[in-house]
Amino acid sequence: GAVGTTAAVLLPVRAGLFIGFLNGLAVYLGRANSIVATIGMQFLVLGGTLALVKGQHVRADEIGSGFNAIAHARIAGVPLPVLIFIALVIVVSIVMSGTVFGRHVYALGGDAEAARRAGVHVNRVGVITFMISGGMAAVSGDGNDAPVARGGQAGKLLAIGVAAEQQDKIAAVGIEF
C-alpha cells in the first residue's frame with residue numbers, strides 16, 4: 001500500500017544522502033580522489049546489497065502498484081516524474097544563484113584553496129554537496145525504477161536504490177564541481 005510505496009521512495013533517498021556523506025568524508029577529510037572514492041563506494045554498496053538479498057530479486061507486491069501509479073500519474077498532461085525533475089531544477093537553480101551556499105559551491109568548484117582562503121568552510125560545503133548529489137542520484141533512481149516496478153517485481157536493488165545500470169548517476173556523485 002501507501003506505506004510500502006512511501007518507504008520505497010524515501011529509503012533510497014536517505015541511502016543516497018548517507019552514501020554521499022560517506023563519499024564527501026572520504027574526499028574532503030580523507031583526501032581521496034573523488035572519482036576513485038565514488039566508484040569504490042559503488043562497488044561496496046552494490047556488493048553489500050547483493051549479499052544482503054543473496055543475489056535474489058526482492059519481491060515487492062505492495063510497492064509495484066504504488067510505483068506504477070507514480071510512473072503513470074499526470075498533472076495537466078505532464079508525467080509526474082517530469083514535473084518532479086522540473087521542480088528540482090528550479091530549486092537547485094535558486095539555491096545556486098541566490099544563496100551564500102550556492103556561491104560557496106561555485107567558489108569551491110573554481111578553486112578549493114582560494115575558497116578556503118576566502119573563508120569558505122571547504123570540507124563542510126564539499127560534504128554537503130556530495131550529500132545533495134547522492135540524494136539527487138537516488139531521486140533519479142526512484143524515477144527510473146517506477147516504470148519497471150510492475151507485476152510485483154520491484155527490482156533486485158530497490159531497497160537501497162543503487163543499480164549497476166545507474167553507474168552514470170553514481171559517478172556523477174563523485175565529480176567535483
Side-chain angles (χ1 to χ4, degrees), residues 5-52 70 78-146 155 157-177:
T5 301
T6 301
V9 170
L10 294 181
L11 182 61
V13 174
R14 291 179 70 175
L17 291 169
F18 180 69
I19 291 166
F21 174 73
L22 294 178
N23 282 342
L25 290 179
V27 171
Y28 285 96
L29 297 180
R31 304 289 179 229
N33 176 283
S34 60
I35 296 293
V36 171
T38 303
I39 292 174
M41 180 62 74
Q42 172 197 353
F43 286 113
L44 287 173
V45 170
L46 184 60
T49 303
L50 289 173
L52 181 69
I70 293 169
V78 180
L80 182 59
V82 171
L83 294 174
I84 292 169
F85 171 75
I86 291 169
L88 289 173
V89 167
I90 291 169
V91 168
V92 169
S93 295
I94 291 169
V95 168
M96 292 301 292
S97 65
T99 68
V100 172
F101 175 76
R103 288 191 299 274
H104 286 180
V105 171
Y106 282 129
L108 176 60
D111 185 343
E113 186 55 34
R116 184 182 328 275
R117 290 180 183 180
V120 174
H121 297 281
V122 170
N123 292 343
R124 182 181 340 157
V125 171
V127 170
I128 291 170
T129 303
F130 268 85
M131 290 176 66
I132 292 169
S133 184
M136 293 289 195
V139 168
S140 175
D142 280 342
N144 283 344
D145 289 338
L157 304 176
L158 178 61
I160 297 198
V162 176
E165 296 83 19
Q166 297 174 337
Q167 289 180 359
D168 55 336
K169 292 174 211 77
I170 294 166
V173 176
I175 296 174
E176 291 184 77
F177 290 93

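We're numbering straight along the sequence, starting at 1.
- Side-chain atoms of Val120 and Tyr106, non-hydrogen and from C-beta on, never get closer than 4.5 Å to each other.
- Note that the CZ atom of Phe85 and the CG atom of Leu88 stand 8.0 Å from one another [nearest 0.5 Å].
- Distance check, rounded to the nearest 0.5 Å: CG of Leu22 to CG of Leu44 gives 9.5 Å.
- Between Ala37 and Asn23, the shortest heavy-atom contact is O-OD1, 3.6 Å.
- Of all non-hydrogen atoms in Ser93 and Ser97, the two that sit nearest each other are O-OG, 2.8 Å.
- Heavy atoms from other residues, nucleotides or ligands lying under 6.0 Å from CZ of Arg116 number more than 12.
- The shortest non-hydrogen separation linking Gly16 to Ala138 is CA-CB, 4.2 Å.
- Closest of all the heavy-atom pairs between Val127 and Leu25 is CG2-N, 3.9 Å.
- Closest approach of Leu17 and Met131 over heavy atoms only: CD2-O, 3.2 Å.
- Between the NE2 atom of His121 and the NE2 atom of His104 there is a distance of 8.0 Å, given to the nearest 0.5 Å.
- Within the 4.5 Å cutoff, the side chain of Tyr28 has no heavy atoms near those of the Thr129 side chain.
- Counting heavy atoms of neighbouring residues, nucleotides and ligands inside a 6.0 Å radius, atom CZ of Phe101 exceeds 12 of them.
- Between the side chain of Thr49 and the backbone N or O of Val45, at least one donor-acceptor pair lies under 3.5 Å.
- Nearest approach of Phe130 to Gly20, heavy atoms of both residues: CB-O, 3.2 Å.
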